[in-house]
Enquirer: 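Submitted below is the structure of interest, expressed as structure tokens.
Quick caveat: nothing in here was measured; it's all calculated off a predicted structure.
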Amino acid sequence: MTTTAASGKPTQPAAIPGPPAPATIPRTAAVQQPPSDGYLKCTDRIDYAGDPRAKAEINALGAESGVCPEPQRPPADAYVKCTDRIDYAGDPRANAEIDILGEQTGVCPEPQLPTTAPSPTTSIAPTSTTSAPTTTATSTTSATVSPTA
């Protein structure tokens, strides 16, 4: 602090020009010009890819509170494949197909049971048995008599 010679009172030093104090800047993915009404939807400011909430819900939360909500993303290492969570035994689809559907939609698909096709019928031709005529032999016995003396 310095004092003036005439009054002997202390004076404030002159402000040193410098960079302005940082203002609170909302998180934005890219700087865009606000629309004519001045409001820019949260989904237009922040990347919410992978967030399970609907865009309308995210924007409503931002409009109500005045602050855009943080994106909700499941941790990469916490993901469990659909085929590890649900028993897909008998499902005609490949495990990779099931897991990709779950990753793309965020919801595991319902297991599909195999369609039960009617079993093929086989017809067996009846066996015809023919029997050959059988002959029976009859035995004849003969007795010999011998003369006695």
Side-chain angles (χ1 to χ4, degrees), residues 1-140:
M1 230 180 250
T2 59
T3 58
T4 59
S7 70
K9 294 184 182 178
T11 60
Q12 294 292 333
I16 301 171
T24 304
I25 300 172
R27 280 186 40 170
T28 59
V31 177
Q32 296 180 4
Q33 293 293 349
S36 59
D37 64 356
Y39 178 73
L40 188 61
K41 295 186 281 185
C42 292
T43 54
D44 290 338
R45 289 191 259 170
I46 299 174
D47 179 15
Y48 285 95
D51 194 307
R53 299 171 291 183
K55 287 183 177 183
E57 178 185 353
I58 294 167
N59 291 327
L61 289 170
E64 290 171 5
S65 67
V67 178
C68 291
E70 290 291 322
Q72 292 180 357
R73 292 186 180 94
D77 60 341
Y79 178 73
V80 178
K81 294 185 223 177
C82 291
T83 53
D84 291 340
R85 287 190 261 167
I86 299 174
D87 182 11
Y88 286 94
D91 195 305
R93 299 171 290 183
N95 284 352
E97 179 185 353
I98 294 167
D99 290 332
I100 288 171
L101 285 171
E103 286 181 55
Q104 289 174 344
T105 63
V107 178
C108 292
E110 290 292 319
Q112 291 180 357
L113 298 177
T115 56
T116 53
S119 61
T121 56
T122 55
S123 61
I124 301 174
T127 334
S128 63
T129 55
T130 55
S131 56
T134 57
T135 55
T136 55
T138 55
S139 62
T140 55

Enquirer: Specify the closest pair of heavy atoms between Pro71 and Arg53, including all atoms of both residues, with the distance to one decimal.
Expert: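 Pro71 and Arg53 have their closest heavy atoms at CA-NH2, 4.1 Å.
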Enquirer: What residues form a side chain to side chain contact (heavy atoms under 4.5 Å, CB included) with Ile100, not counting sequence neighbours?
Expert: Gln104
Enquirer: Nearest 0.5 Å please: distance from the CD atom of Glu70 over to the SG atom of Cys42.
Expert: 10.5 Å
Enquirer: Could you tell me which residues satisfy side chain to side chain contact (heavy atoms under 4.5 Å, CB included) with Gln112, sequence neighbours excluded, listed by chain and number?
Expert: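 Partners of Gln112 under the side chain to side chain contact (heavy atoms under 4.5 Å, CB included) test: Asp91, Pro92, Arg93.
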Enquirer: Just by distance, do the side chain of Tyr88 and the backbone of Pro109 share a donor-acceptor pair under 3.5 Å?
Expert: yes
Enquirer: Before giving the answer on side chain to side chain donor-acceptor pair (under 3.5 Å), spell out for Thr83 and Asn95 the whole-Å C-alpha distance, their side-chain angles and the decisive distance to 0.1 Å.
Expert: CA-CA 6 Å; Thr83 53; Asn95 284 352; 4.8 Å; no
Enquirer: Grab the two heavy atoms, one from Asn59 and one from Lys41, that are nearest each other, plus how far apart they are.
Expert: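 Smallest heavy-atom distance, with atoms named: OD1-CB, 3.5 Å.
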Enquirer: For a 4.5 angstrom cut-off between non-hydrogen side-chain atoms, does Asp87 reach Pro111?
Expert: no
Enquirer: Return each pair, listed once, that meets salt bridge (charged side-chain N to carboxylate O under 4.0 Å, His left out) where at least one residue sits in residues 98-112; pairs must be two or more places apart or across chains.
Expert: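 As it turns out, there is no salt bridge (charged side-chain N to carboxylate O under 4.0 Å, His left out) pair with a partner in residues 98-112 once direct neighbours are skipped.
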Enquirer: Sequence neighbours excluded, which residues qualify as side chain to side chain contact (heavy atoms under 4.5 Å, CB included) partners of Asp84?
Expert: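 Asp84 satisfies side chain to side chain contact (heavy atoms under 4.5 Å, CB included) with Val80, Lys81 once adjacent residues are dropped.
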